[in-house]
**Student:** 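First the structure, then my questions, so here it is.
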Amino acid sequence: MKSRLVEKFRVNFGRAPEFIARAPGRIEFIGNHTDYNGGPVLGAAIDRQVWVALARRAGGERRFGSDQRGELVTRPADRVEKLSGAQSWVNYPLGVLGALPAFGLRAPAGFDYFALSDLPPGAGLSSSAAIELASALVFLAAAGENPPRETLVKIGRQAENDFVGVPCGILDQGVSGFGKKDHLVFIDCRGPHFATVPLPGDARFWIFNTHTKHALVDGLYAERHRECLEAAQGLGVGLLAEVSPAAVLAAEKKLSPPVFRRARHIVEEIARVDTTVKALRAGDLAAVGQLLNASHRSSQTLFENSTPELDFLAETLAATPHVYGARLTGGGFGGAVMALTAESFGAFQARAVAAAYAKTFGAAPDILQAQTGDGATLVPV
Ligand code: ADP
Ligand code: MG
């Protein structure tokens with residue numbers, strides 16, 4: 001990837017880059033809708049990433065290129081304005097540049113910039129966080145700044161929330177920033193605090209992207225968020241993370257049936273994240289797989305953010321040899337299912353699952369195999 005990036009940079013700008021950074025995509029491993037309820041979440045940085053190269057240039061222009069877009073986009077260095085249409089991908093690096101002053105950090109003035117990636121965009125793997133963090137690293141290096149990793153994560157999130165306008169939680173940037181090969185990233189969303197937990201050796205990830213999306217998905221997220229707040233209020237706490245599963249079960253009468261189901265999912269999912277960490281530390285991937293399956297069933301029956309497509313994949317995968325467990329990954333109401341498998345699970349089995357899905361639903365899902373990878377870093381040029 002690096003030599004291809006340098007080559008692309010030369011072709012577009014006629015010179016070598018001064019700074020190169022890479023940042024990985026991520027999977028939500030377990031911890032479904034726990035973030036805004038103050039709970040923990042486990043994610044994995046994967047071995048697919050966005051690479052960014054940059055060289056400073058005299059004068060007041062910033063030129064942006066990407067392998068995914070044909071034309072260079074030229075912007076004046078003294079203004080950060082939102083772009084639309086074919087140029088809107090530049091809002092990710094622009095959002096990062098715009099966020100730097102709020103953290104007391106300088107931005108480089110004129111530069112040439114090129115992005116190259118093997119991380120499919122829009123597949124639920126957070127290519128957006130990856131491009132934000134890789135961009136932030138080269139901008140900061142060019143400006144002679146070196147903030148802590150927590151700040152890098154916050155800059156990326158602020159770019160996405162406030163400039164691009166996507167209200168994502170801390171998972172995306174947190175995992176891209178703190179990922180580590182052969183580890184999962186544990187995020188306590190209240191701090192947020194970040195830690196890594198070893199993932200035993202022979203684990204692999206397979207992601208099946210259905211490319212389905214509920215027509216009302218934004219409204220449904222907002223509704224779930226509201227229901228969780230209503231449950232917390234009904235239980236006399238600020239956030240659901242402050243209540244135990246037993247306390248929620250005992251308070252069933254205080255909540256409407258759907259609000260009770262949402263609350264039960266959240267508090268039990270929070271407990272599952274903690275149990276997953278213990279099972280990982282014990283090297284017990286079979287137990288981890290059961291927790292993934294239980295998480296999916298809870299999404300299906302209690303949080304009601306699954307779909308027939310996701311249920312089909314999760315259930316078929318869970319019943320397939322060499323699969324530890326499977327669950328929907330991300331917000332739900334469409335999207336992708338992730339399976340945790342042994343190394344012995346291969347493309348042949350994955351294609352059989354996809355073929356069974358295609359028979360029922362018409363079109364095959366995209367299949368992507370991944371392993372854990374390292375978090376965002378500058379790379380020597
Ligand atoms: P996800 O984060 O799940 O991949 P998003 O819609 O949040 O999906 O982000 C995808 C967007 O991020 C793309 O449409 C594009 O604007 C931007 N992006 C990601 N990777 C690249 C890249 N290599 N080059 C240019 N833009 C990219
Ligand atoms: Mg995204």
**Student:** Can any side-chain N or O of Asp35 pair as donor or acceptor with the backbone N or O of Cys189 at less than 3.5 Å?
**Tutor:**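 Not a single qualifying donor-acceptor pair exists.
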**Student:** Does any part of the side chain of Thr34, heavy atoms only, come nearer than 4.5 Å to the side chain of Arg272, both counted from C-beta?
**Tutor:**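 They are not in side-chain contact.
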**Student:** Does any N or O in the side chain of Arg297 come within less than 3.5 Å of the main-chain N or O of Leu292, such that one atom is a donor and the other an acceptor?
**Tutor:**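 Side chain of Arg297 to backbone of Leu292: no pair is present.
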**Student:** Arg261 pairs by salt bridge (Lys or Arg N to Asp or Glu O under 4.0 Å) with which of Glu227, Glu304, Glu268, Glu252?
**Tutor:**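 With Arg261 as partner, Glu227, Glu304, Glu268, Glu252 yield a single salt bridge (Lys or Arg N to Asp or Glu O under 4.0 Å), made by Glu304.
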**Student:** I'd like to know if Phe64 and Leu116 are part of one continuous hydrophobic network [Ile/Leu/Val/Met/Phe/Trp/Tyr, side-chain heavy atoms within less than 4.5 Å].
**Tutor:**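 No, no single cluster joins them.
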**Student:** Give the table of side-chain donor-acceptor pairs shorter than 3.5 Å for residues 330-348, with sequence neighbours excluded, one pair per line with atom names and distance.
**Tutor:**
unit_1	atom_1	unit_2	atom_2	d
Thr341	OG1	Trp206	NE1	3.4
Glu343	OE2	Arg204	NH2	3.4
Ser344	OG	His322	ND1	2.8

**Student:** Checking Asn161 side chain against Val166 main chain: does a donor-acceptor pair fall under 3.5 Å?
**Tutor:**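 Yes.
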**Student:** Out of curiosity, does Ile270 fall in the hydrophobic cluster containing Val259 (side-chain heavy atoms, cut-off under 4.5 Å, transitive links)?
**Tutor:**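 Same cluster: Val259 reaches Ile270 through Ile, Leu, Val, Met, Phe, Trp or Tyr contacts under 4.5 Å.
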**Student:** Would you indicate whether the side-chain heavy atoms of Leu240 and Leu235 approach each other to under 4.5 Å?
**Tutor:**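 Contact flag for Leu235/Leu240 side chains = yes.
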**Student:** What pair of heavy atoms forms the shortest contact from Ile367 to Ala350, and how long is it?
**Tutor:**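 For Ile367 and Ala350, the tightest heavy-atom pair comes out as CD1-O, 3.7 Å.
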**Student:** Atom CG of residue position Asn146 - does it have more than 12 heavy atoms of other residues, nucleotides or ligands inside 6.0 Å?
**Tutor:**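 Not more than 12 within 6.0 Å, no.
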**Student:** Does Val153 reach the side chain of Glu150, with side-chain heavy atoms less than 4.5 Å apart?
**Tutor:**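 Answer no - side chains too far apart.
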**Student:** Whether the side chain of Arg48 engages the backbone of Ser117 through a donor-acceptor N/O pair (distance < 3.5 Å, no angle test) should be reported.
**Tutor:**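 Flag not set: sc Arg48 to bb Ser117 has no pair under 3.5 Å.
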**Student:** Counting only N and O atoms by type, is there a donor-acceptor contact under 3.5 Å from the side chain of Lys180 to the main-chain atoms of Val185?
**Tutor:**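 The answer is no, because no donor-acceptor pair under 3.5 Å joins these two groups.
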**Student:** From Leu152 CG over to Glu132 CD, what is the distance, rounded to the nearest 0.5 angstrom?
**Tutor:**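 If we round to the nearest 0.5 Å, Leu152:CG and Glu132:CD are 10.5 Å apart.
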**Student:** Checking Arg62 side chain against Ala109 main chain: does a donor-acceptor pair fall under 3.5 Å?
**Tutor:**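 Yes.
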**Student:** Judged by atom type as modelled, is there a donor-acceptor pair below 3.5 Å linking the side chain of Ser299 to the main-chain atoms of Asn305?
**Tutor:**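 No; judged by distance alone, with no hydrogens or angles, the pair does not exist.
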**Student:** Decide if atom NZ of Lys181 counts as having more than 12 heavy atoms of other residues, nucleotides or ligands within a radius under 6.0 Å.
**Tutor:**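 Enclosed.
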**Student:** Walk me through whether Glu28 and Arg327 qualify under salt bridge (Lys or Arg N to Asp or Glu O under 4.0 Å).
**Tutor:** CA-CA 10 Å; Glu28 177 195 285; Arg327 61 181 288 273; 2.7 Å; yes
**Student:** Measuring from Met1:CE to Leu5:CG, what's the distance to the nearest 0.5 Å?
**Tutor:**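 Met1 atom CE to Leu5 atom CG measures 7.5 Å (nearest 0.5 Å).
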**Student:** Side chain to side chain contact (heavy atoms under 4.5 Å, CB included) for Ile266 and Glu269? Distances and angles first, verdict last.
**Tutor:** CA-CA 5 Å; Ile266 296 299; Glu269 183 77 353; 5.7 Å; no
**Student:** Has the side chain of Arg26 got a donor or acceptor atom that lies under 3.5 Å from a matching backbone atom of Ser176?
**Tutor:**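 It does not hold such a pair.
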**Student:** Is any side-chain heavy atom of Leu105 closer than 4.5 Å to one of Ile155?
**Tutor:**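 The answer is yes, as the side chains (C-beta and beyond) meet within the 4.5 Å cut-off.
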**Student:** Specify the closest pair of heavy atoms between Pro40 and Asp274, including all atoms of both residues, with the distance to one decimal.
**Tutor:**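 In terms of heavy atoms, the two residues are closest at CG-OD1, 4.0 Å.
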**Student:** Answer yes or no on whether Arg224 is positioned over the face of Phe303, meaning its NZ or CZ is under 6.0 Å from the six-membered ring centre and within 45° of the axis.
**Tutor:**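 Flagged: Arg224 positioned over aromatic ring of Phe303.
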**Student:** Quick check on the hydrophobic clustering: are Val50 and Leu72 connected, directly or via other members, by side-chain heavy-atom contacts under 4.5 Å?
**Tutor:**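 Hydrophobic grouping puts Val50 apart from Leu72.
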**Student:** Calculate, to the nearest 0.5 Å, the distance between atoms CG and CD1 belonging to Asp374 and Ile46 respectively.
**Tutor:**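 So the CG of Asp374 and the CD1 of Ile46 are separated by 13.0 Å.
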**Student:** Kindly compute the distance separating OG (Ser128) from CG (Asn91), expressed to the nearest 0.5 Å.
**Tutor:**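 Ser128 OG to Asn91 CG: 12.0 Å, rounded to 0.5 Å.
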**Student:** Would you please name every residue forming a ring pair (Phe, Tyr, Trp, His ring centres under 6.0 Å) with Phe139, sequence neighbours left out?
**Tutor:**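 Once residues adjacent in sequence are excluded, the partners of Phe139 under the ring pair (Phe, Tyr, Trp, His ring centres under 6.0 Å) criterion are Phe111, Tyr113.
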**Student:** Can any side-chain N or O of Glu18 pair as donor or acceptor with the backbone N or O of Arg56 at less than 3.5 Å?
**Tutor:**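 Pair found, side chain donor or acceptor close to backbone of Arg56.
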**Student:** Salt-bridged, Glu7 to Arg4, with N to O below 4.0 Å?
**Tutor:**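 Judged by the 4.0 Å cut-off on N to carboxylate O distance, Glu7 and Arg4 do not form a salt bridge.
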**Student:** Between the main-chain N or O of Pro380 and the side-chain N or O of Lys2, is there a donor-acceptor pair closer than 3.5 Å?
**Tutor:**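 Yes, because the side chain of Lys2 sits within donor-acceptor range (under 3.5 Å) of the backbone of Pro380.
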**Student:** Could you state whether Tyr36 and Val273 fall into the same hydrophobic cluster, counting links through intermediate Ile, Leu, Val, Met, Phe, Trp or Tyr residues with side-chain heavy atoms under 4.5 angstrom apart?
**Tutor:**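 Cluster IDs for Tyr36 and Val273 differ.
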**Student:** To the nearest 0.5 Å, how far apart are CZ in Phe361 and CD in Glu309?
**Tutor:**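 Here the rounded value is 5.0 Å.
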**Student:** Do Arg262 and Leu255 have side chains that approach each other closer than 4.5 Å (heavy atoms only, starting at C-beta)?
**Tutor:**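 A side-chain contact under 4.5 Å is absent here.
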**Student:** To the nearest 0.5 Å, tell me how far Phe312 CZ sits from Leu317 CG.
**Tutor:**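 The CZ atom of Phe312 sits 9.5 Å away from the CG atom of Leu317.
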**Student:** Is the Tyr357 to Phe208 ring centre distance short of 6.0 Å?
**Tutor:**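 Between Phe208 and Tyr357, which both carry aromatic rings, the centre distance is not below 6.0 Å.
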**Student:** Is the shortest heavy-atom distance from the side chain of Pro200 to the side chain of Leu280 under 4.5 Å?
**Tutor:**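 Yes. Closest side-chain heavy atoms under 4.5 Å.
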**Student:** So which atom in Ala130 and which in Pro24 form the shortest heavy-atom distance, rounded to 0.1 Å?
**Tutor:**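 Looking at all heavy atoms of both residues, the shortest contact is CB-O, 3.5 Å.
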**Student:** Can you see which heavy atom on Gly38 is nearest to which on Leu239, and at what distance?
**Tutor:**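 Taking Gly38 first and Leu239 second, the nearest heavy atoms are CA-CD1, 4.0 Å.
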**Student:** Under the criterion side chain to side chain contact (heavy atoms under 4.5 Å, CB included), I'd like the reasoning laid out for Ile131 against Val96: C-alpha separation, chi angles, the key distance, then a yes or no.
**Tutor:** CA-CA 10 Å; Ile131 195 172; Val96 168; over 6 Å; no
**Student:** Would you say that Arg63 contacts Arg57 through its side chain, given a criterion of any heavy-atom pair below 4.5 Å between the two side chains?
**Tutor:**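 Yes; the side chains approach each other to less than 4.5 Å.
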**Student:** What are the two closest non-hydrogen atoms of Ala241 and Gly39, and how far apart are they?
**Tutor:**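 Between these two residues, the closest heavy atoms are CB-N, 3.8 Å.
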**Student:** With side chain to side chain contact (heavy atoms under 4.5 Å, CB included) as the criterion, how do Leu140 and Leu378 come out once you've worked through the C-alpha distance, each side chain's angles and the decisive distance to 0.1 Å?
**Tutor:** CA-CA 10 Å; Leu140 290 164; Leu378 280 170; over 6 Å; no
**Student:** Between Arg75 and Glu81, is there a side-chain N and carboxylate O pair less than 4.0 Å apart?
**Tutor:**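 Yes.
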**Student:** Quick one: which of Leu119, Ile27, Leu125 gives a side chain to side chain contact (heavy atoms under 4.5 Å, CB included) with Leu368?
**Tutor:**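 Only one option passes, and that is Leu125.
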**Student:** Is there a side chain to side chain contact (heavy atoms under 4.5 Å, CB included) between Thr377 and Arg22? Walk through the geometry before answering.
**Tutor:** CA-CA 6 Å; Thr377 48; Arg22 44 154 291 281; 2.8 Å; yes
**Student:** What do you reckon, is CD of Gln68 surrounded by more than 12 foreign heavy atoms closer than 6.0 Å?
**Tutor:**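 Result for CD/Gln68: enclosed.
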**Student:** Taking side chain as C-beta onward, heavy atoms only, is Phe29 less than 4.5 Å from Thr276?
**Tutor:**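 The answer is yes; the side chains approach within 4.5 Å.
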**Student:** Are Leu54 and Leu133 in one and the same hydrophobic cluster, where Ile, Leu, Val, Met, Phe, Trp and Tyr link if side-chain heavy atoms are under 4.5 Å apart?
**Tutor:**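 Cluster IDs for Leu54 and Leu133 match.
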**Student:** What are the two closest heavy atoms between Ala21 and Ala134, and how far apart are they?
**Tutor:**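 Shortest heavy-atom contact: CB-O, 3.6 Å.
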